[in-house]
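Hydrogens, waters and symmetry mates are skipped; everything else that's a heavy atom, side chains included, is used. Note on naming: letters A, B, ... go to the chains in the order of the sequence lines (proteins, then strands), and numbering restarts at 1 for each one.
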Number of protein chains: 2
Amino acid sequence: MATLSDVARRAGVSPATASRVINGSSKPVTDELRERVLAAVAELQYVPNAHAQLLARSHRSAVGVIVHDVSDPYFAEITRGLQRVATDQGRLLMICNSYRDPDRELEYVELLRGHQVAALILAGSGYHDEAFTRQLNEKLAAYEATGGRVAVIGRHEHSGDAVMPDNRTGGYLAGQELCGLGHRAIGVVAGPRILTTTTDRLAGLRQALTEQGRELPERRIRYAEFDRDGGAEATARLLDADPELTAIVALNDSMAIGALATLRARGLAVPQQISVLGFDDMPIARDVTPALTTVRLPLVDMGVRAMSLVLGVGAPTPRVEVLPAELVRRDTAGPVPLSTRATAGSAPRARRGDSTS
Amino acid sequence: MATLSDVARRAGVSPATASRVINGSSKPVTDELRERVLAAVAELQYVPNAHAQLLARSHRSAVGVIVHDVSDPYFAEITRGLQRVATDQGRLLMICNSYRDPDRELEYVELLRGHQVAALILAGSGYHDEAFTRQLNEKLAAYEATGGRVAVIGRHEHSGDAVMPDNRTGGYLAGQELCGLGHRAIGVVAGPRILTTTTDRLAGLRQALTEQGRELPERRIRYAEFDRDGGAEATARLLDADPELTAIVALNDSMAIGALATLRARGLAVPQQISVLGFDDMPIARDVTPALTTVRLPLVDMGVRAMSLVLGVGAPTPRVEVLPAELVRRDTAGPVPLSTRATAGSAPRARRGDSTS
DNA sequence: TACCGCAGAGAAAGCCCTTTCCCGCAGGGA
DNA sequence: TCCCTGCGGGAAAGGGCTTTCTCTGCGGTA
């Protein structure tokens, strides 16, 4: 690999001059030398060693991002927002997938710190886990103590800058909608219990139902992975235990899609026999059939805000921005059926082998 | 930020010893010193500067990946495969989104080279663009000349290791299926003309039709962006020009989903009135309604192969692995309707405002 | 003519690690 | 007793770059 001194030697100048030409330093260099250097760069296909540069330069530029999984649409949208701002400011993003493994999350904080990122953004639900939270906060504090900036998206346990989707109100809106449609027997397909996102959304939902004199007993909640298969499976369990259900709230859209698959496999018509509500409003939500009624979160905007916080001029006080949730009515939620679906679910009629796999 | 010498000083040892403890060097260190060093590390919250490490160590470990967009399911799946192998081998992945901008692709090759990656993987279609291809190959050659390994996924213009999905056969299978179902008036919703993936798939499709004495005139092909909205829009144009169509082949699943949205908005029943075929078999394909009949590509496996090639022992001859495409029959492709759909499409009946937006 | 100032180039000091090389010391064999 | 060996530790040399500091030589001023 050609080095700067190779270039300098070939151009017949000192490494200092070569460096100045290559970086467009403010220090003037005569045109003749400049051209000789550029020629040498081209001939040698020289590319500066980024690590050496970052070591020699004092200022840090890259930004680290830790998400559950970039390919999960929820995080893909957030990342899109992050990218937009970062690119505008000429920042490189280092994106890490934690796959919701707390240990990996901790490791990535270290890794990114080691890579000298200027800021760190953690996106995705927090955990109901004292020990982990404390550990994480210690690590983040240590990082902040050395001048690093931190922002979190969707988790409340951090004391610094934060962007918070209003999960609780979102859950409340979902509950209100279903109550308005006359539903009483409402099941919930929930994400992992340990995630604060799950409990926040659940809390809002429960509040809405309680206010309407309805209940949300634990037996009508099933916890599973926050993805399509988790939703499909939880829905099946829910239906098996309680065939009287007239509505299902899935705590994110992926789970809702799984729920739809299970319902389809069992021959239950949505929304005629049973209503389904999602959460997040991922792009695919409008393209499933029936199109998903869901609670929209401004995902891209959440990313934009978080990155702006972190790259903005250092605010003295940590800022928390709460972004509103909003109900999007599409086709999966309808009025409660008039007749009791007494026999529904008792004769599952699989339409396709792979629908619920 | 604490440095290694800070740690060493605090532990009362030399930086060399501290380094050995921290990296688990093979050189033995007495337990007493080891503990002193570890204590100092903990107290100072020391994290080694990754750039300094990479500069000091000779061997390169990270692998660079350039894809169109990780959040596009096609690339998300490939990336999953890449990750799997990389993680097994303790390699860090640097993933860059080119958003199908050739210039950005070139820039990222430089960037990753500058970051001293041990290997480079380019995933995603090549371009019908001589100048760009030459430039790219020059850059890659320069990189390979310095010991870097390169593999491409799904593009044939590179001379080194490659993993190739059999796009042409995939197109052929799609054509065969539709011919078998009796279709003659077949429209194609294609990706950008400039992509080799588009032309390869199209070539296979055309071959199948030709063998069956059918035709695929240019007027039945619409080129658009390789995404949902592109598919929706191209389908609309296709239908406007030729309402007699009994089948539509979308050249990837995202476009197929857009096509379904347009057909739904126009009140055309799939597959009773018109059949739809997708390509790729992204995870969502089975969850749309009707479930998408499509050509499956072993996306995850493509990633696994590519990473294995690049991390495997340096083979003397460049290897090209062709991975087979396979037809997956679901619910969007049916026999050609018996009656001519003379009036269909003339009375579009929008079901929802946002279906085609 | 002597001196000053400045433009433009190079020398060299880091940036933070890893790793080779070397040194001192203790123990074992002759 | 002396020498050799081997172990544990430190000194120091990079690794490739940026940047400050220094130096040279020129034009301009007194």
Side chain of B/Ala16 (C-beta onward), nearest among C/dT18, D/dG10, C/dC15: D/dG10
With the side chain of B/Asn23 defined as its heavy atoms from C-beta on, choose the nearest nucleotide among D/dT18, C/dT18, C/dA9. C/dT18
Without hydrogens or angle criteria, can the side chains of A/Ser19 and A/Asn23 be said to hold a donor-acceptor pair below 3.5 Å? yes
Nearest to the side chain of B/Pro28 - D/dG15, C/dG14, D/dG8? D/dG8
Between A/Glu130 and A/Arg134, is the closest basic N to carboxylate O distance under 4.0 Å? no
Pairing donors with acceptors under 3.5 angstrom, does anything connect the side chains of A/Tyr99 and A/Asn97? yes
Salt-bridge criterion met for A/Arg149 and A/Asp161 (N-O under 4.0 Å): yes
Of the candidate nucleotides D/dA12, C/dA9, C/dA12, which contains the atom at the shortest distance from the side chain of A/Arg20? C/dA9
Both B/Ala56 and A/Arg57 contact DNA chain D. Taking the nearest nucleotide for each, which residue is further toward the 5' end? B/Ala56
Nearest-angstrom distance from the residue atom NE2 of A/His59 to C1' of D/dC17: 13 Å
D/dG16, OP1 or OP2 - any side-chain N/O from A/Gln53 closer than 4.0 Å? no
Whole-Å distance, B/Arg9 CZ to D/dG10 C1', equals 16 Å
Note: A/Arg10-A/Glu43 ion pair, threshold 4.0 Å (strictly below): yes
From D/dG16, C/dA9, C/dC17, pick the nucleotide closest to the side chain of B/Leu4? C/dC17
When the nearest nucleotide of DNA chain C is assigned to A/Val29 and to B/Met1 on a heavy-atom basis, which residue is associated with the more 5' position? A/Val29
Calculate the interatomic distance between A/His115 atom NE2 and C/dC17 atom P; express it in whole Å. 13 Å
Rounding to an integer number of Å, can you tell me how far B/Gln116 CD sits from C/dT18 C1'? 16 Å
Counting heavy atoms from C-beta on, name the nucleotide in D/dT18, D/dG16, C/dC17 closest to the side chain of A/Asn49. D/dG16
Given C/dC16, is OP1 or OP2 found less than 4.0 Å from the side-chain N or O atoms of B/Tyr46? no
With heavy atoms under 4.0 Å as the rule, sort A/Leu54 into base, sugar-phosphate or nothing. nothing
Here the distance between atom P of C/dC15 and atom CG of B/Asp6, to the nearest Å, is 11 Å
Base, sugar-phosphate, or nothing: which does B/Ser19 touch, judged by heavy atoms less than 4.0 Å apart? base
From the options D/dA11, D/dG16, C/dA11, select the nucleotide whose nearest atom is closest to the side chain of A/Ser14. C/dA11
In whole angstrom, what separates A/Lys27's NZ from C/dG10's P? 11 Å
I want to check one thing: is the phosphate of C/dA9, taken as OP1 and OP2, less than 4.0 Å away from some side-chain N or O of A/Thr30? yes
Let's see if you can work this out: which of C/dC16, D/dT18, C/dT18 has an atom nearest to the side-chain heavy atoms of A/Leu55? C/dC16
Do the charged groups of B/Arg84 and B/Glu77 touch, with an N to O distance under 4.0 Å? no
